[in-house]
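Okay, so here's the structure we're looking at.
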Amino acid sequence: MQDIPDITTGASDNFLDQFRGGGEMGVMMRKYDWDSHPLGAPEHWPLSLKANVRLMLNSGFAMFIWWTKELYMFYNDAYIPALGKKHPSSFGSVAHQSWAEIWDQVGGIAEGILKDGQEFYAENLLLYLDRKGYSEETYWTLSYSPAFDDLGEVNGVFCACSEVTNAVVGQRRLKTLRDLSEALLQVKTLQQAGQTACDILNENVQDLPFSLIYLCNSTGTEAELVGKAGALDEQLIPLTIDLSTESPWQLKQAKETKQRLSIKLKAVQQELKASSFTGELCCKNVAVLPILKPGQDLVIGFYVSGISDKQEYNALYNEFHDILATQIATAITSVQNKQEILRQQEYLNEIFQQAPVGITMLRGPQYIVEIANPGVCEIWGRKQEDVLGRPVLEALPEAVEQVKDLLDGVLRTGTPFVAEELPITLERMGVLEKLYLNFVYHPLRDAQGFVTGIIVVAIDISEQVRARHKIEVMNNELMASNADLDNFVYSASHDLRAPISNIEGLVEELQENLPEDATSSQDYQQLFGHVQSSIDRFKRVVADLTKVAKIQREAGEDIASIKLEEVIKEVILEFDPIVAASKALFQIDVAPASAIKFSAKNVRSVVYNLISNALKYRSPDRTPIINISTRITTEYCILTVSDNGLGIRMEDVRKMFSMFKRLHDHVDGSGIGLYIVKRIVENAYGKIEVESEINKGTTFHIFFKK
């Protein structure tokens with residue numbers, strides 16, 4: 001309630017009784033100095049005026065009376081908000097002075113009523129009132145009617161009115177929100193979303209004098225203009241704004257605070273130095289709102305809106321701006337999501353088309369081919385246009401009996417079917433061809449979990465299967481040959497013993513029966529030395545062949561837990577004379593728990609051959625150094641024997657494991673030792689790796705299966 005001036009009372013007690021009540025305005029009427037007013041004291045007023053004033057004062061509905069042709073103003077408490085700052089000075093004044101700003105609209109109505117007594121009624125009438133210090137947009141539903149004196153003559157205007165500004169503006173804003181929502185459903189790009197939104201908002205210039213939409217780049221360092229509309233000069237609209245420094249539009253602050261800002265448009269104009277712009281600004285104040293990604297505290301852009309100079313920027317106006325920013329955020333996020341989905345679809349389609357496997361999607365109980373990539377069309381021997389949209393069993397009639405039951409089973413049970421190397425006969429290039437496929441039939445489910453189709457992923461492994469079949473045939477032939485060779489070695493190792501023994505006996509008998517003068521000659525000694533050497537070499541070969549035969553026939557026998565460290569030390573002792581003569585050095589580093597399940601004599605043969613070769617093929621230019629170590633993995637116990645000897649070329653590594661193959665001829669040997677090592681290790685599911693370099697040395701890695 002505003003302060004009421006202390007006015008000297010000039011009314012009688014009768015008047016106080018007659019106009020009692022009426023709230024603030026009742027008090028004012030009773031205190032008013034009516035003697036100084038042109039209407040005079042109330043006791044002299046027409047009874048009709050008294051009755052109308054009494055009715056008006058005690059009504060909860062906004063009312064006023066303009067009395068006489070001068071239209072002196074009376075009003076009740078409910079009408080005070082309509083006056084704003086004009087109250088209380090308007091009480092008792094003439095209407096055309098108090099309502100000068102709208103007199104061109106309502107003055108004629110009042111004059112018409114005084115002249116003809118004709119009533120006037122209006123709904124949602126727009127009136128720009130100067131009641132708050134600015135020209136305010138207001139809407140009214142009102143009824144003007146004649147006020148009669150005691151003689152029945154029209155002597156004033158009576159008005160009952162209701163301000164409907166909030167309702168009218170609210171409906172207008174609601175329409176804007178609805179139109180914006182509908183329009184943004186159709187957009188596909190961010191630029192389209194920004195400009196479409198601004199175009200819709202520009203249809204409501206009463207609330208939104210102008211609109212700008214900026215979107216942040218991927219790094220959040222810059223904002224780019226994607227939409228503009230309204231009566232804002234182009235000089236005030238930068239296309240990009242650096243978010244690392246404060247701009248005239250204060251986007252940096254809005255981003256950091258994530259709060260709505262209100263700024264002066266004049267300040268923006270001055271800071272942008274738009275000196276060439278001489279026109280009037282479309283509004284005084286601007287709202288800057290951060291656009292937050294729905295459900296997240298992430299600023300993805302900004303909505304900049306003019307604030308109407310003819311409205312109060314109150315809670316309802318704030319809420320309207322907030323909802324607009326939310327709708328724009330939702331639309332932008334939706335477009336971004338659609339673009340991301342489209343990008344992913346394009347990416348997936350690219351992968352799908354380029355996938356090195358066959359992929360198809362079959363829908364419904366008819367197994368309609370919904371998608372089929374080039375890979376599956378290659379397997380089928382069909383073109384895409386010949387299978388898409390058709391039942392797969394119709395497109396591939398030769399496959400009906402082979403796959404229909406499998407497809408029906410997956411569709412019925414929802415259980416995937418996986419096949420490996422499944423043979424299937426398809427017609428390709430007009431000829432039935434047997435293929436081998438690895439494939440998966442996987443159920444395709446809808447949102448409710450019901451199986452609506454099948455996804456098929458297939459790989460044509462026909463070439464690999466055929467190649468393996470060829471290898472298996474070759475392996476069988478090779479195994480047969482190896483068996484024959486093993487049998488030959490076994491037979492030869494036994495059958496050659498008797499002839500060698502006979503030859504050795506005959507030579508001994510010949511020596512005993514030759515004359516003494518013949519056996520003492522140098523030629524005899526040399527000849528019989530060569531003969532004995534050949535016999536000894538022949539005996540060693542037969543002995544080695546016997547070992548090979550035993551390895552093959554005794555594989556898997558004599559298996560026990562063998563500690564490699566003990567075997568290594570025992571074998572080294574056997575080479576004491578050679579070690580002493582060559583001054584060889586052994587460096588042994590055996591890992592704990594270096595024990596293997598192996599044949600004792602076979603593992604000893606492996607270690608013996610490796611150390612023997614390291615000593616035998618030592619370099620004459622340096623002291624032999626032999627490193628022996630072990631290493632444990634989850635699958636193997638690895639024995640490594642490394643020397644600094646003569647070495648060989650890496651291209652000859654495979655040759656060293658061949659039977660009777662010798663790569664150095666300056667020492668004795670049958671060339672069968674490494675062959676035996678390889679057979680022993682591989683028969684026990686191990687493997688051998690070799691590294692060697694001429695005149696640097698050789699390293700053997702023996703992988704004993706744990």
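All values derive from a computational prediction rather than experimental measurement. Side-chain atoms are counted along with the backbone in the values below, which use heavy atoms only and exclude waters and symmetry mates.
Taking CD of Gln339 as the reference point, atom NZ of Lys188 lies at 12.0 Å (rounded to 0.5 Å).
Counting only heavy atoms from C-beta outward, the side chains of Val456 and Val376 never approach each other to under 4.5 Å. Annotation: side chain of Ser143 is not in contact with side chain of Phe158 (no heavy-atom distance under 4.5 Å). You'll find the side chain of Ser305 reaches within 4.5 Å of the side chain of Leu208, heavy atoms only. The shortest distance between side-chain heavy atoms of Leu243 and Tyr214 does not fall below 4.5 Å.
More than 12 heavy atoms of other shown residues, nucleotides or ligands fall within 6.0 angstrom of atom NZ in Lys338. Within a 6.0 Å radius of OH in Tyr121, more than 12 heavy atoms belonging to other residues, nucleotides or ligands are found.
Trp103 and Trp66 have tilted rings, their planes meeting at an angle from 30° to 60° on a 0 to 90° scale. Classification of the His37-Trp34 ring pair by plane angle, with boundaries at 30° and 60°, yields perpendicular. Classified by interplanar angle (parallel below 30°, tilted 30° to 60°, perpendicular above 60°), the ring pair Phe64/Tyr79 is tilted.
Relative to the ring axis of Tyr303, Arg260 does not place its NZ or CZ within 45° and under 6.0 Å from the centre.
A salt bridge does not link Glu101 with Lys310: none of the charged nitrogens is closer than 4.0 Å to a carboxylate oxygen. A salt bridge links Arg343 to Glu340: at least one charged side-chain nitrogen sits closer than 4.0 Å to a carboxylate oxygen. Look at Asp242 and Lys252 and you find no salt bridge, because none of the NZ, NE, NH1 or NH2 atoms lies under 4.0 Å from a carboxylate O.
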Next on the checklist: Evaluate Ser308 against Asp207 for side-chain hydrogen bond (donor to acceptor under 3.5 Å, both in side chains), listing each step before the verdict.
Outcome noted: CA-CA 6 Å; Ser308 173; Asp207 294 309; over 6 Å; no
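Between His321 and Tyr317, the gap from one ring centroid to the other is short of 6.0 Å. Two rings, from Tyr72 and Trp45, have their centers 6.0 Å or more apart.
Between the Asp130 side chain and the Lys86 main chain, no donor and acceptor come within less than 3.5 Å of each other.
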